[in-house]
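Bear in mind the structure is a predicted one, so any value in this text is a computation, not a measurement. Letters go in sequence order (proteins before strands), and every chain restarts at 1.
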Protein chains: 2
Amino acid sequence: MIGTVTLNLALDVTYAVDELVVGGSHRVTEVRQRAGGKGVNVARVAATLGHPVLALGFVGGLTGELVAGELFDAGLTALLTPIAGETRRTVAVVNGSDGDATIFNEPGPTVSDDEWRAFHDRMPWGRLEVLACSGSLPPGLPADAYAEIAVRARHHDVLSVVDAGGEALLAAARAGAVVRANAAELREALGEVDVPDGARHLVGLGATAAVITDGARGMVAASNKGVWRADPVEQVAGNPTGAGDACTAVVAAAVARSAEPDWSEVLARAVAASAAAVLTPVAGDLDLAAYRRWQPQVAVREL
Amino acid sequence: MIGTVTLNLALDVTYAVDELVVGGSHRVTEVRQRAGGKGVNVARVAATLGHPVLALGFVGGLTGELVAGELFDAGLTALLTPIAGETRRTVAVVNGSDGDATIFNEPGPTVSDDEWRAFHDRMPWGRLEVLACSGSLPPGLPADAYAEIAVRARHHDVLSVVDAGGEALLAAARAGAVVRANAAELREALGEVDVPDGARHLVGLGATAAVITDGARGMVAASNKGVWRADPVEQVAGNPTGAGDACTAVVAAAVARSAEPDWSEVLARAVAASAAAVLTPVAGDLDLAAYRRWQPQVAVREL
């Protein structure tokens with residue numbers, strides 16, 4: 001079972017309006033809401049790819065109830081730790097004219113030390129094959145919260161996949177996790193660096209593997225067995241939000257099957273899944289037919 | 001007791017952002033939420049002026065629970081009819097730079113015939129001195145819903161104050177209510193017309209009285225005893241949202257004391273209350289000291 005960790009769960013609210021005008025008053029023509037946070041996108045994609053998933057995170061207040069209810073409605077098993085604070089919302093206002101989204105992110109609720117301990121205490125280690133951690137941290141948690149999870153996971157022989165940037169990325173690498181980042185996050189952590197060199201550096205710090213998405217240049221993976229680059233599939237137009245999460249889901253699924261997967265194969269699947277996620281308008285969704293069509297076409301070479 | 005009717009109750013959410021940019025992603029620096037809808041503003045102002053108030057309306061879902069909870073926290077007694085739909089939200093995004101608000105109004109939940117009947121059935125007529133109806137109608141209700149309430153109220157010897165525009169204004173006048181509108185709403189109902197003539201016309205249709213706010217030109221009241229105009233107080237800068245609701249609250253309070261109040265006196269209080277509402281940043285609030293200071297200064301003359 002793939003455990004997906006979303007420490008800053010949200011209720012993602014989408015408003016459709018004809019045309020957003022600053023200072024104007026708008027009739028919302030359609031309201032959609034669903035559970036959000038990068039970890040939820042990972043859970044949705046992993047479930048779409050046929051893997052048993054357990055969504056982990058914090059929920060509080062009536063908004064937390066809505067998030068829990070929506071995860072249930074989406075068929076995602078969840079083990080949620082209650083908190084005193086109110087789960088945050090995000091509001092995306094989408095223009096009818098051009099589909100452009102304007103986003104408002106509420107600050108997350110503060111998580112107390114006791115709530116953080118309760119989160120660890122209820123972790124069902126025996127049922128987990130891998131833990132995928134992604135997304136922002138709510139106030140109150142240590143900056144190296146993902147590294148802490150990765151260390152605890154190793155004590156229970158569970159490998160972690162951590163999607164993070166900056167210091168959190170370095171801490172997760174040192175904790176032995178499989179780390180996932182985009183090129184900007186990699187450079188935020190390591191300074192100006194070539195993507196393959198940066199990936200190698202993360203493995204040198206202790207990461208089991210590093211998978212770096214490099215935008216239009218494809219993806220790079222490094223482990224102690226080597227470094228690989230995968231070219232992107234054909235030019236794909238759509239919504240890039242959630243493409244990185246689709247990559248994380250594929251990496252987590254691969255690690256669930258084997259602690260030492262064939263990274264060139266994983267890269268091919270990750271590139272196909274990311275592109276198939278771009279095709280769908282909503283983050284967390286994946287065009288399964290496109291994924292299956294593209295996967296054998298991805299060119300991967302060792303560097 | 002003043003019953004305030006808000007058929008399209010809302011949870012008013014206010015987001016503070018540094019600067020709203022269309023297509024941008026924004027960190028919300030502060031989230032406030034409270035019960036909203038014009039009738040709630042009327043209830044808040046009436047309570048601030050010291051009158052016992054009963055807030056009436058529909059609530060549904062978790063958002064409805066938040067609205068009910070906030071009314072309770074605000075010290076407003078409420079008698080709310082449960083509905084199957086989810087209570088709507090409004091989101092106001094306020095710029096830190098200039099205080100400008102951009103508003104998003106969710107559509108209201110549909111109210112069924114059974115729910116509309118349940119609303120009437122639980123009306124505590126024996127405890128009401130006046131009923132103040134204001135704000136938009138949710139889908140599912142007849143366009144003359146306020147007139148229907150006013151007719152039922154008269155059967156129980158309760159007078160209604162109806163704040164409405166267009167056809168709903170004319171229907172309320174024919175139902176014998178005290179009608180409240182602004183000059184634009186009056187003209188929407190009657191076509192191009194002088195405000196005093198329009199007010200007289202509404203009384204001719206059957207309205208007990210008509211009170212029309214005329215922006216910077218003050219207010220006009222008409223009854224079968226005459227027509228009066230009140231000049232505005234000194235130029236007031238602030239938030240005009242809720243000024244009309246403060247006027248409705250004063251009119252309702254006057255009618256609660258006497259079915260035939262001295263309309264020149266009521267006009268003076270209404271002008272002072274509207275200006276005192278403009279001084280406060282949030283609709284439904286009122287600067288009580290300014291209200292008391294301005295009230296004796298308002299000039300009212302019979303036309």
message = Please output the residues of residues 38-46 of chain B in contact with chain A, using a heavy-atom cutoff of under 4.5 Å, in numerical order.
response = none
key: Neighbour count >12 (heavy atoms, 6.0 Å) for atom CD, A:E167   = no
message = Suppose we screen for salt bridge (charged side-chain N to carboxylate O under 4.0 Å, His left out). Which residues come up paired with A:R122, at least two apart in sequence or across chains?
response = none
query = Taking B:G61, B:P107, B:A92 one by one, which has the highest count of heavy-atom pairs under 4.5 Å against chain A?
reply = B:P107
task = Output the residues of residues 12-34 of chain A for which the shortest heavy-atom distance to chain B is under 4.5 Å, in residue-number order; output 'none' if no such residue exists.
result = A:V13, A:Y15, A:V17, A:L20, A:V21, A:V22, A:G23, A:G24, A:S25, A:H26, A:R27, A:V28, A:V31, A:Q33
query = Looking only at heavy atoms, which of residues 63-88 of chain A get nearer than 4.5 Å to chain B?
reply = A:E65, A:L66
request  = Heavy atoms only, distances under 4.5 angstrom: which of B:V93, B:N95, B:T90 has the most pairs with chain A? Name it, please.
outcome  = B:V93
